[in-house]
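One structure below.
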Amino acid sequence: FLMQRELNETYPSGGVGSFLLQLMAISFMQQRRHEEKVMGTAPNDNLGGLLLDFFDLYGRKFNYSTTGISVRDGGSYFRKADRGWLNPSRPQLLAVENPQSPEF
């Protein structure tokens, strides 16, 4: 999937590396847990279903132009513009906060 879109190499193409992919997976599971608590639904332990939902979120639903990801303090989404992380010439870039160095 990533190789087909030339996103499998982090340099020079700016692809998705293992650390970024790990943060995306953690964020997905955090948001999933939050939704299950709010909706009062039982957790879905079907790994195949979770993988498809992961691809659906980041492949179709996630608004890369305006939204960034944080996994600190239970996970949240934030507006890229609020943190000065919005690049007007390339708004579709993925913005993920490094939990070890949030200021970067």
Side-chain angles (χ1 to χ4, degrees):
F1 178 82
L2 293 174
M3 193 160 99
Q4 290 175 338
R5 290 156 180 79
E6 297 180 5
L7 294 174
N8 60 320
E9 296 291 334
T10 57
Y11 183 83
S13 62
V16 177
S18 59
F19 184 61
L20 175 58
L21 188 57
Q22 182 180 9
L23 292 177
M24 291 170 70
I26 290 169
S27 174
F28 169 76
M29 295 305 293
Q30 288 173 327
Q31 296 303 319
R32 184 85 176 198
R33 183 180 316 148
H34 176 71
E35 288 175 10
E36 288 168 351
K37 284 182 181 178
V38 169
M39 302 279 246
T41 58
N44 178 2
D45 294 330
N46 178 331
L47 294 179
L50 290 172
L51 180 62
L52 290 176
D53 290 345
F54 176 88
F55 286 141
D56 186 47
L57 172 64
Y58 292 117
R60 295 178 38 192
K61 294 179 179 175
F62 193 80
N63 187 346
Y64 293 95
S65 297
T66 62
T67 309
I69 299 170
S70 173
V71 297
R72 291 185 314 128
D73 302 321
S76 63
Y77 296 138
F78 61 87
R79 293 190 62 227
K80 291 176 8 179
D82 291 347
R83 294 193 183 187
W85 291 14
L86 182 61
N87 181 342
S89 63
R90 297 176 67 195
Q92 75 283 0
L93 293 176
L94 177 59
V96 179
E97 175 187 74
N98 182 341
Q100 298 169 336
S101 302
E103 64 278 0
F104 295 115

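FYI, side chains are in, hydrogens and waters are out, and symmetry mates aren't considered; it's all heavy atoms of this structure. Nothing here was measured: the structure is a model prediction, and the numbers come from that model.
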Quick one: closest heavy-atom pair of P99 and F19, and the distance? CD-CZ, 4.2 Å

Does R83 CZ have over 12 foreign heavy atoms under 6.0 Å away? yes

Candidate pair F54 and L50, rule side chain to side chain contact (heavy atoms under 4.5 Å, CB included), full reasoning: CA-CA 6 Å; F54 176 88; L50 290 172; over 6 Å; no

List for me each residue that meets side chain to side chain donor-acceptor pair (under 3.5 Å) alongside D73, sequence neighbours excluded, and say none if there are none. none

If I take atom CD from residue Q92 and atom OG1 from residue T66, how far apart are they, to the nearest 0.5 angstrom? 12.5 Å

Do Y58 and L47 share a hydrophobic cluster, counting only Ile, Leu, Val, Met, Phe, Trp and Tyr and linking them when any side-chain heavy atoms are less than 4.5 Å apart? yes

By side chain to side chain donor-acceptor pair (under 3.5 Å) - contacts of S65 (at least two apart): none

Inter-residue atom distance L20.CG - I69.CD1, 0.5 Å rounding: 7.5 Å

Once you round to the nearest 0.5 Å, how far does CG of L51 lie from CZ of F28? 8.5 Å

Shortest non-hydrogen contact from S70 to E97? OG-OE1, 2.6 Å

Just to verify, what does S89 make a side chain to side chain donor-acceptor pair (under 3.5 Å) with, not counting sequence neighbours? N87

Hydrophobic clustering (ILVMFWY, side-chain heavy atoms < 4.5 Å, transitive) - are L86 and L94 grouped together? no

Looking at every heavy atom in both V71 and L23, which two are closest together, and how far apart are they? CG1-O, 3.6 Å

Distance from R72 atom CZ to Q30 atom CD, nearest 0.5 Å? 11.5 Å

Applying the 4.5 Å side-chain criterion to the ILVMFWY set and letting contacts propagate, would L93 and F78 be lumped into a single cluster? no

Hydrophobic clusters here meaning ILVMFWY residues chained together by side-chain heavy-atom distances under 4.5 Å, can you tell me if F62 and L52 are in one? no

Specify the closest pair of heavy atoms between Y77 and Q31, including all atoms of both residues, with the distance to one decimal. OH-CG, 3.3 Å

Roughly how far apart are K61 NZ and D53 CG, rounded to 0.5 Å? 7.0 Å

